[in-house]
Structures are given as C-alpha cells and as structure tokens.
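Structure, as structure tokens:
Chain A is the first sequence line, chain B the second, and so forth, proteins listed ahead of strands; every chain is numbered from 1.
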Amino acid sequence: MPPGSAVGDARRSVRVFERDPDLVSGLGQHDAEEARIRGVAAIARLDKGPWDPPTREADQPPGHLGLLVLDGLLSRNTTIDATPSPELLGAGDLLRPWQDNSEFASLQWKTHWEVLEPATVAVLDARFARAISPWPPVFGALLGRTADRQHWTSLQAAISQLRRVDARVLILLWHLGDRWGRAHPDGVHLSLPLTHALLGRLVGAQRPSVTLAVSQLAEARRVRREPGGDWVLLRPVPELAELLARPGGRRRDHGSADA
Amino acid sequence: MPELLRVGAVARALDRSAERDHGLTEPVGQSPAEREEADQIVAEYERGEWRLVRLELFADVLDEQGRVQRYDSVHVDGVWFRVPHGPQNVQHAREAADTAFDELREHLGGEGVGIPTAQLETAQFVLELDERLAREIDGPPR
C-alpha cells in the first residue's frame with residue numbers, strides 16, 4: 001500500500017460482506033444479498049513488519065470510511081517515553097490511521113504500526129460508502145466496530161491496573177482467547193505470536209516478570225504451552241474473584257536454583 | 001499493635017551454574033516469534049546483560065516496644081536482573097514480590113504478626129542488592 005494514500009490495489013478487490021458477513025447481519029435476506037453484491041472494495045495486503053499507513057487526514061477524500069481488517073494481526077503502538085503501549089487489531093477491526101490527534105495535543109506522543117502476521121485490509125473509500133448507502137444498518141455495524149475497539153482498550157487499561165502480573169497475564173489471555181481462541185475439550189487454544197515482551201507491553205509489566213508469571217501459571221496448571229507455540233488456557237474457566245486472590249496458585253518458591 | 005514500616009527484598013546473586021541449570025528461556029514457548037525472542041535473550045545473556053537472582057522478601061515491623069523487627073523467610077526464584085542495574089530491575093523485583101505476598105503474610109501470621117496482604121501490597125517497597133550482586137551489576141556488562 002503506497003504510503004500517504006489509502007488506495008489499495010483496484011485489481012484486487014473483494015466482496016467485503018462475504019468476508020465479513022456480520023456487517024450485514026442486521027439486514028433482511030434480500031437486502032443482505034444486494035449489499036454483498038454491491039459492497040466491493042479494493043484490498044491491500046500487508047507484509048509482516050513495520051507498517052507506514054496513510055496518516056494525513058487531509059489526503060483522504062471526504063466519505064472515506066476506513067480500512068477494514070479482513071485477516072492477519074496488527075498492533076497500533078502509542079509511545080510517550082520509550083515503552084510503546086500496543087493495541088492488538090485483527091479481522092473485523094476498522095482502522096482510520098489518519099485520525100490521530102497527536103499533532104494537536106499539548107504533550108506529544110508517537111504512534112507506530114506493526115504487522116505481526118501478514119494481513120489484508122479492505123479499503124472502504126468514498127465509492128464504497130456510496131455503494132452501500134441504501135443500507136444504513138451497515139454504517140451502524142461499522143460504527144459498532146469502533147466501539148468494540150474502545151471496549152478492548154478500556155479492558156486492557158483495567159487489566160494493567162491489577163496488582164499481580166500473573167493475574168494480568170492470565171486475564172488478558174482469557175480475553176484474547178474469547179476473541180481469537182478456539183474451544184477444545186481441554187480448554188481454549190490460542191495461536192497468536194505473543195512474545196513475552198509483547199505480553200509485557202500489553203499488561204504494563206517488565207518482560208522478565210511476564211516470563212516468571214507464565215512459569216507460575218504453568219505450574220499452577222492455568223495454562224499449557226503446546227510444542228507448536230499455541231497457548232492453551234486450561235479449563236475450568238477461572239472465577240475472577242479467585243484469580244485476583246491467587247492466580248498463580250499456592251506456591252512458596254519457583255525454580256530449582258540454589259546458591 | 002505492630003506497625004508495618006516497609007516491605008522489600010534483598011536480591012542475592014546466584015552461582016553462574018544455577019543460571020545454566022535454570023534455563024534463561026525455559027518457559028518461553030516454541031512459536032516462531034518466541035524462538036526469535038529467545039535467541040535475542042540468549043545473545044544478551046552471552047554478552048553479560050542478564051543475571052539470575054533470588055529475592056528474599058522481608059517485612060520490617062515496629063513492635064509494641066518500639067523496636068524494628070525484620071521478618072524474612074520467603075523467597076522468589078526465577079528473577080532475572082538486567083546489567084547494568086536500573087529502574088527496570090526495581091520494577092521487576094516489585095512485580096515478582098507481589099506474587100509472594102500471600103506467603104509472606106502467612107509467615108508473619110505464624111510469627112504472631114497479623115498484617116493483611118493488601119497492606120503488604122501497598123506498603124513502601126525497598127530493593128536491596130547484596131554486596132556481590134551490587135559489584136556485578138552496577139556498571140556495564142563485564
């Protein structure tokens with residue numbers, strides 16, 4: 001995707017509502033079918049690594065709705081000092097990277113984007129908006145996606161306020177599991193590229209503290225790691241009150257080292 | 001009634017052999033992203049940028065006779081300090097200590113000193129480095 005523009009590759013286009021059918025779930029069958037046919041948008045594929053999205057609102061034509069993530073995983077990172085605070089984004093999230101108020105803020109912060117897993121975004125430009133204009137509920141559904149992002153970031157902020165890092169990590173994993181996990185008889189399996197450094201930034205803790213917390217949670221049989229890297233959140237789903245009291249279980253020490 | 005003055009931890013260096021036994025990246029999973037992270041951590045360790053420590057937690061309590069008593073028998077292993085020493089180590093120590101305050105409360109209770117976990121969690125936290133550790137990590141990696 002060329003930096004400074006929100007134009008995808010028109011030779012690659014997609015019927016948005018076939019990829020994201022929830023957006024038309026509020027329509028009747030006939031309208032939904034019409035919307036699926038007319039809701040065509042150009043797509044852009046994003047490779048893993050730093051992403052330089054369009055950031056100047058003045059460059060976007062009026063009526064541009066945003067970039068809809070169809071697949072993959074991204075992070076939007078906000079940095080005030082040195083440690084970025086990430087927001088994880090995936091399929092269904094609506095991005096408007098040019099909507100950044102930092103230049104008007106009294107105190108400056110920085111934003112940078114990273115593609116954690118190769119991603120595809122649909123460019124919901126003004127032409128797309130006109131095409132779907134007969135169906136106002138779709139606009140409502142898109143607005144709902146921005147509300148979902150707000151709820152997620154609020155939850156992330158609440159988690160970072162918890163005292164214990166093992167509680168923060170476990171509660172975060174369960175909420176990531178709610179969105180990205182797959183239910184299995186033994187628990188929820190989560191296949192996300194979660195380094196301990198990323199987990200630390202997500203919960204506001206030092207990376208070594210996350211490593212220690214993961215060990216404690218594994219020892220307490222709250223999580224299991226699969227050889228391929230999957231996180232398994234073991235059943236039963238813990239009670240929140242129990243987690244906040246003693247998420248890592250009853251332990252006196254950890255590790256085998258002695259001086 | 002005893003008064004909690006502060007909680008803290010004495011960080012003690014462990015033998016280098018303990019570091020090898022412990023496994024710097026032991027709990028790190030095997031996803032490609034984590035393997036890449038583990039490789040980076042190992043490279044930093046080989047440059048001398050990490051040191052395994054044990055945290056020995058303590059609670060300083062003012063007794064009814066006005067004497068300060070230190071209660072300490074709870075420790076946390078698996079703590080890794082950055083070299084050179086800095087605020088990130090203090091934060092890591094505090095975060096690690098938080099996971100053991102229940103045990104510290106139980107120990108205090110066994111000594112007849114009733115201090116709720118919540119009070120331990122909000123008390124002033126002090127990190128002390130033992131002499132050997134201070135020599136090793138105050139300053140750039142050697």
Side-chain angles (χ1 to χ4, degrees), chain A residues 48 73 81-83 116-117 162-169 190-200 203-220 223-232 244-259, chain B residues 12-15 17-38 40-41 50 52-55 73-82 87-104 106-107 117-118 120-122 130 132:
Chain A
K48 186 177 168 184
L73 189 70
D81 182 9
T83 305
L116 302 177
E117 288 181 338
L162 297 175
R163 194 83 203 167
R164 296 175 57 140
V165 174
D166 46 359
R168 294 183 218 168
V169 170
L190 190 58
S191 302
L192 290 179
L194 298 173
T195 62
H196 291 195
L198 176 58
L199 280 173
V203 303
Q206 293 292 308
R207 198 276 306 156
S209 301
V210 170
T211 300
L212 182 60
V214 171
S215 289
Q216 293 168 338
L217 292 172
E219 196 174 313
V223 301
R224 189 182 73 235
R225 303 307 312 281
E226 296 286 88
D230 275 8
W231 299 77
V232 181
L244 295 177
R246 193 170 288 180
R250 186 183 181 88
R251 50 172 293 280
R252 179 164 291 277
D253 63 29
H254 159 76
S256 58
D258 259 311
Chain B
R12 299 199 187 280
L14 299 179
D15 285 346
S17 61
E19 293 179 349
R20 289 189 289 272
D21 292 341
H22 182 82
L24 179 61
T25 59
E26 178 184 306
V28 175
Q30 291 302 307
S31 67
E34 285 170 286
R35 284 200 295 272
E36 201 175 307
E37 180 178 49
Q40 181 186 345
I41 294 170
W50 291 102
L52 180 67
V53 305
R54 165 175 288 178
L55 293 182
S73 82
V74 175
H75 64 270
V76 182
D77 286 328
V79 176
W80 285 90
F81 274 10
R82 266 284 196 182
Q88 71 278 16
N89 289 341
V90 179
Q91 183 178 348
H92 175 38
R94 180 60 208 257
E95 289 166 351
D98 269 331
T99 67
F101 280 146
D102 276 338
E103 282 71 27
L104 183 59
E106 289 171 7
H107 167 66
T117 302
L120 295 171
E121 289 171 343
T122 54
D130 77 357
R132 175 184 167 193

Which portion of A:Leu116 sits near chain B, non-hydrogen atoms under 4.5 angstrom: neither
Between B:Asp102 and A:Arg164 the two heavy atoms that sit nearest each other are OD2-NH1, 3.7 Å
Is A:Ala218 close to chain B through its backbone or its side chain, or both, or neither, when contacts mean heavy atoms under 4.5 Å? neither
Nearest 0.5 Å, what's the CG-CG distance between A:Leu162 and B:Asp98? 11.0 Å
Who are the side chain to side chain contact (heavy atoms under 4.5 Å, CB included) partners of A:Ser191, not counting sequence neighbours? A:Arg182, A:Asp230
Contacts of B:Ala97 meeting side chain to side chain contact (heavy atoms under 4.5 Å, CB included) (sequence neighbours excluded), chain-then-number -> B:Leu57, B:Phe101, B:Phe125
Determine the sole option in B:Arg82, B:Glu37, B:His92 for which the side-chain contact (heavy atoms from CB on, under 4.5 Å) test with A:Arg207 is passed. B:Glu37
Side chain to side chain contact (heavy atoms under 4.5 Å, CB included) between B:Ile41 and A:Thr211: does it pass, once the steps are laid out? CA-CA 12 Å; B:Ile41 294 170; A:Thr211 300; 5.7 Å; no
For the student: nearest non-hydrogen atoms of A:Leu212 and B:Val76, plus distance: CD2-CG1, 4.1 Å
Please check this pair: side chain of B:Glu95 against backbone of A:Gln206, looking for a donor-acceptor N/O pair closer than 3.5 Å. yes
